[in-house]
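Accompanying notes for the structure given below.
Protein chains get the first letters and strands the later ones, always in sequence-line order, with residue 1 at the start of each. For clarity, every value in this text was computed on a predicted model and none was experimentally measured.
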Amino acid sequence: MNTSDYVKIPKSFYEKEDVVKIARELLGKYIFTQIDGKLTGGMIVETEAYNGRMDRACHAYHKRTNRTEIMYQPGGVAYVYLCYGIHHLFNIVTNKSDFADAVLVRAIEPSLGIETMHERYGNHQHKVSNGPGKLSKALGITTRLNGSDLAGDKIFIAQHKSQKRPKIAASTRIGVDYAGEDALLPWRFYIENNKWVSKQRTPVI
DNA sequence: TCTAAGATGGGT
DNA sequence: CCCATCTTAGAA
């Protein structure tokens, strides 16, 4: 890749207050990691928004604990947590200080370091990044990156010079049935017809 | 110190 | 549809 074709997203992008809008805007942008000397990355094709003040599905909903503390930081850092004891899920913290919002990145379309991603993922029968746990494994993201600056060297999000506006579809979020009515919010976004969007579970709406 | 649960993934 | 998974947050 020619790195001059990409520009890192500035902090101001993440510090806006509407996390749902940011979740949409992140589609079509790129995430890169440089871990263990290997550069890997791809285009974000699926996201979900989480709002700490009015969304029961958000880990930070009405609680500020060690785990959720990072979400209360100003936007532009990573929130990585372990799910089911195995999967490292990667989130982008948004909004200003003390407003705990985040965007879960659920799928990317690989574009750089594809061989490395396959090696890390291991299973050659499956796609390596069409799910939140899978893309983290392929990109080498673990909880060690919790709190990392998203304009840094280890991990960064960037925009391609000639990015075109993707066609966006919306649905309810995956796996948040415990959130009651908030599970019905149409806060999952994905690029229409993209092959790397995670396979749909429990079709709601 | 304990326990319960979880923003999944893969196989049938 | 079903279920293995196993660390850790959060409470006591």
task: State plainly whether the residues A:R173 and A:D55 are in salt-bridge range, i.e. N to O under 4.0 Å.
output: yes

A:I31 CD1 to A:L135 CG distance, which is reported to the nearest 0.5 Å: 7.0 Å

- prompt: Quick one: is A:Y178 getting a side-chain N or O under 4.0 Å of the B:dA7 phosphate, OP1 or OP2?
  reply: yes

message: Does anything in residues 87-96 of chain A come within less than 4.0 Å of DNA chain B? Heavy atoms only, and list the residues if so.
response: A:H87, A:L89, A:N91

message: In this structure, how many angstroms lie between the P atom of B:dA7 and the CE atom of A:M71, rounded?
response: 10 Å

Could you run down the sub-3.5 Å N/O contacts of the protein with nucleotides 2-5 of chain B?
none

- request: To the nearest 0.5 Å, tell me how far A:E115 CD sits from A:K38 NZ.
  value: 10.0 Å

Residues A:R106, A:E48: salt bridge by 4.0 Å N-O rule: yes

task: Measure from CZ on A:R56 to C1' on B:dA7 and round the result to the nearest Å.
output: 14 Å

- prompt: Side-chain N or O of A:Y81 less than 4.0 angstrom from OP1 or OP2 on B:dA7?
  reply: yes

message: Whole angstroms only, please: what is the CG-P distance between A:L135 and B:dA7?
response: 16 Å

- prompt: Does one hydrophobic cluster hold both A:V105 and A:V77, with members joined at side-chain heavy-atom distances below 4.5 Å?
  reply: no

Using atom types as modelled, flag every donor-acceptor pair under 3.5 Å from a side chain in residues 78-90 of chain A to any protein atom, sequence neighbours excluded.
residue	atom	partner	partner atom	Å
A:Y79	OH	A:H59	ND1	2.7
A:H88	ND1	A:T143	N	3.1

statement: From CD1 of A:I86 across to P of B:dG6 the rounded distance in Å is 15 Å

- prompt: Based on Watson-Crick and G-U pairs with both distances under 3.5 Å, what dot-bracket line describes DNA chain B 5' to 3', crossing pairs as [ ] and inter-strand pairs as |?
  reply: ||||||.||||.

- prompt: Starting at NZ of A:K134 and ending at C1' of C:dT5, how long is that distance when rounded to a whole Å?
  reply: 17 Å

- prompt: In whole angstroms, how far is the P atom of C:dT5 from the OH atom of A:Y84?
  reply: 14 Å

task: Sticking with atom P, work out how far B:dA7 lies from C:dA11, rounded to a whole angstrom.
output: 16 Å

query: Any link between A:L185 and A:L104 through a network of hydrophobic side chains (Ile, Leu, Val, Met, Phe, Trp, Tyr) touching at under 4.5 Å?
result: no

field: Side-chain H-bond candidate by donor/acceptor type, A:D153 with A:Q34, under 3.5 Å
entry: no

query: So, A:T40 and A:T33: side-chain donor and acceptor under 3.5 Å apart, yes or no?
result: yes

task: Assess the pair A:Y30 and A:Y6: is the distance between their ring centroids shorter than 6.0 Å?
output: yes

- prompt: Ring of A:Y50 versus six-membered ring of B:dA7: centres under 5.5 Å and planes under 30°?
  reply: yes

message: Please determine whether a side-chain nitrogen of the Lys or Arg among A:R64 and A:D98 lies less than 4.0 Å from a carboxylate oxygen of the Asp or Glu.
response: yes

Give each protein N/O atom lying under 3.5 Å from an N/O atom of nucleotides 8-12 of chain C, with the pair distance.
residue	atom	partner	partner atom	Å
C:dG10	OP1	A:T65	OG1	3.3
C:dG10	OP2	A:T65	OG1	2.4

A:E192 versus A:A169, closest heavy-atom pair with distance: OE2-CB, 3.6 Å

query: Which side chain to side chain donor-acceptor pair (under 3.5 Å) pairs, counting each pair once, include a residue from residues 8-17 of chain A, with sequence neighbours left out?
result: A:K16-A:E25

task: Could you tell me whether A:R144 atom CZ has more than 12 heavy atoms of other residues or ligands within 6.0 Å of it?
output: no

- request: With the side chain of A:P132 defined as its heavy atoms from C-beta on, choose the nearest nucleotide among B:dG11, C:dT5, B:dT8.
  value: B:dT8

- request: Would you tell me if any nitrogen or oxygen in the side chain of A:R188 comes within less than 4.0 Å of OP1 or OP2 on B:dA7?
  value: no

